[in-house]
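Here is the structure we will look at.
Treat the numbers as computed from the prediction; the structure is a model and nothing was measured. Within every chain, numbering begins at 1; the chains are lettered A, B, ... in the order of the sequence lines, protein sequences first and strands thereafter.
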2 protein chains.
Amino acid sequence: MNISLKDYISIFIHQTDLKITNCVKEQLAPFNLAPEQNLIMLLLWERDGRTQQELAEQLQKDKTTITRMLSSLEQKGFIKRVTETCDRRSMRVFLTEGGKKLECKIIPVTEGFHKAVTRGITEEELAEVRRILTKMQKNIH
Amino acid sequence: MNISLKDYISIFIHQTDLKITNCVKEQLAPFNLAPEQNLIMLLLWERDGRTQQELAEQLQKDKTTITRMLSSLEQKGFIKRVTETCDRRSMRVFLTEGGKKLECKIIPVTEGFHKAVTRGITEEELAEVRRILTKMQKNIH
DNA sequence: ATTAATTAGTTGCTATAGCAACTAATTATA
DNA sequence: TATAATTAGTTGCTATAGCAACTAATTAAT
């Protein structure tokens, strides 16, 4: 990697993220789940029946991205969408049986990955990274 | 954002990256340049005539991604691709006049963004973030 | 009550991002 | 030299990611 590019912390963060995402992708592939789809499933395993709007807020993503991720998860048979009767604009997202069964297989993978990625890194160091990244996030707002 | 999701440092890094990328995207939009396309241009402004293979290595990206980014940059008229005579499998990427003219407009934007994102963050803190992120990158290999 | 504004979700567009499979060209090997 | 292996790049596929523009439904304002 070129030195002038590496000097930009933004690019360094971006490339770290890419590597992490690729690794997660690989580990989730056997379960037919993509990394971001997994985040939706994590929220639904905690509590399903959320609206798409709620999912978009919790994941801080555009609603169009959520629509498409849910379409994919629906096609895979992990979730179903039900129109809310009291507000017919809203869609509530529920787990299917297949979606529910996935939980006990995926959680160990997710936890295992987190342990692997933070190996040899102290809680203080993680807190420091969080603190500085938070500062960067605030700087661009 | 949900607490259990926020606890995963990978997700926190991912969301930081998304915010940064969106901000860069906004600043580059007036110049008809996307964030990753800008990285290719940065490399070419430094030295053009690189092969696609070289660009892929320097940006640590898949060659398919590079092919498509270059197609887009070519369509926008910023670069041109020339088949290498001594090895007709290779393509050398050169700046067009339009691509060359872009440099003096873009560099201040890039530098300005870097200054903004690192405002109030010391060199030591940046080095610490780099050190810990590097550790994470190594952990997943 | 009618109109205006807002909200939830979808579709079209573009941009990243990588894997698998492919072509074409070059190099290595038998 | 003929074949095998490698290399550079492209195309098809899927997955993220967000903006603009849209529909449909609901709520607010006149």
Side-chain angles (χ1 to χ4, degrees), chain A residues 10-11 14-41 50-57 59-76 78 81-93, chain B residues 10-11 14-41 50-57 59-76 78 81-93:
Chain A
S10 311
I11 295 172
H14 182 56
Q15 296 193 331
T16 305
D17 176 44
L18 277 181
K19 280 177 187 166
I20 289 173
T21 303
N22 275 338
C23 189
V24 171
K25 185 180 174 182
E26 213 171 277
Q27 293 192 17
L28 291 177
F31 306 98
N32 195 22
L33 253 195
E36 302 292 333
Q37 292 172 359
N38 184 38
L39 299 190
I40 290 189
M41 295 305 284
R50 297 175 198 250
T51 63
Q52 299 193 186
Q53 185 65 28
E54 282 178 84
L55 292 171
E57 280 161 19
L59 296 176
Q60 295 178 67
K61 282 184 202 310
D62 192 90
K63 55 186 176 167
T64 51
T65 306
I66 300 296
T67 294
R68 272 149 192 154
M69 289 197 292
L70 289 176
S71 299
S72 175
L73 285 170
E74 197 171 40
Q75 266 200 322
K76 289 177 182 179
F78 296 147
R81 282 185 277 190
V82 180
T83 304
E84 173 73 311
T85 40
C86 60
D87 184 345
R88 288 170 52 234
R89 291 171 303 182
S90 291
M91 302 286 272
R92 291 207 176 270
V93 184
Chain B
S10 311
I11 295 173
H14 183 55
Q15 296 192 332
T16 306
D17 176 44
L18 278 180
K19 281 177 186 166
I20 290 173
T21 303
N22 275 338
C23 189
V24 171
K25 186 180 173 182
E26 213 171 278
Q27 293 192 17
L28 291 177
F31 306 99
N32 194 23
L33 253 196
E36 301 292 332
Q37 292 172 0
N38 184 38
L39 299 190
I40 290 188
M41 294 305 284
R50 295 175 198 249
T51 63
Q52 300 193 185
Q53 184 66 28
E54 282 178 84
L55 291 171
E57 279 162 20
L59 296 176
Q60 296 179 68
K61 284 183 200 311
D62 192 90
K63 56 187 175 166
T64 51
T65 305
I66 300 295
T67 293
R68 272 149 194 155
M69 289 197 293
L70 288 176
S71 298
S72 174
L73 285 171
E74 198 171 38
Q75 265 200 323
K76 290 177 183 180
F78 297 146
R81 283 185 277 191
V82 180
T83 304
E84 173 74 311
T85 40
C86 60
D87 184 345
R88 289 170 51 236
R89 292 170 303 183
S90 292
M91 303 285 272
R92 292 207 175 270
V93 183

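Annotation: the span from R88(A) atom CZ to T85(A) atom OG1 amounts to 10.0 Å, rounded to 0.5 Å. For the atom pair CG (L18(A)) and CD1 (I11(A)), the distance works out to 11.5 Å, reported to the nearest 0.5 Å.
R92(A) comes within 4.0 angstrom of no nucleic acid atom, judged by non-hydrogen atoms across all strands. Base contact: T64(A) has a heavy atom under 4.0 Å from a base atom. If you check every strand for non-hydrogen atoms under 4.0 Å, K19(A) touches nothing.
Taking the 5' to 3' direction, DNA chain C first and last meets chain B under 4.0 angstrom from a heavy atom at dA15(C) to dT26(C).
Here the side chains of Q60(B) and Q15(A) are in contact, with some heavy-atom distance below 4.5 Å. Between L70(B) and L55(B), the closest side-chain pair of non-hydrogen atoms falls below 4.5 Å. Residues M69(B) and I40(B) form a side-chain contact, since some pair of their non-hydrogen atoms from C-beta on lies under 4.5 Å apart. Contact check for E84(B) versus M91(B): no side-chain heavy atoms found under the 4.5 Å cut-off.
Of the residues in residues 65-73 of chain B, those with a non-hydrogen atom less than 4.0 angstrom from any atom of DNA chain D are T67(B), R68(B). Using a 4.0 Å cut-off on heavy atoms, the residues of residues 34-41 of chain B that approach DNA chain C are A34(B), P35(B), E36(B), Q37(B), listed by number.
For D62(A), there are no salt bridge (charged side-chain N to carboxylate O under 4.0 Å, His left out) partners, not counting sequence neighbours. Residues passing the side chain to side chain donor-acceptor pair (under 3.5 Å) test with T51(B) are E54(B), sequence neighbours excluded.
Each of E84(A) and K63(A) lies near DNA chain D, and the nucleotide nearest K63(A) is the one positioned closer to the 5' end. Mapped onto DNA chain C by nearest heavy atom, Q53(A) and K25(A) fall at different nucleotides, with Q53(A) at the one closer to the 5' end. DNA chain D is contacted by both D87(B) and D62(B); D87(B) maps to the nucleotide lying nearer its 5′ end (nearest heavy atom per residue).
Under 3.5 Å, the side chains of R81(A) and Q52(A) contain a donor-acceptor pair of N or O atoms.
In this structure dT23(C) sits in a base pair with dA8(D), meeting the Watson-Crick or G-U test at under 3.5 Å.
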Enumerate, atom names and distances included, each donor-acceptor pair closer than 3.5 Å involving a side-chain atom of residues 25-36 of chain A, sequence neighbours excluded.
unit_1 : atom_1 : unit_2 : atom_2 : d
E36(A) : OE1    : K61(A) : NZ     : 3.1
E36(A) : OE2    : H14(B) : NE2    : 2.6

- Message: Apply side-chain contact (heavy atoms from CB on, under 4.5 Å) to residues Q37(A) and S72(A) and explain how you reach the verdict.
- Response: CA-CA 8 Å; Q37(A) 292 172 359; S72(A) 175; 3.0 Å; yes

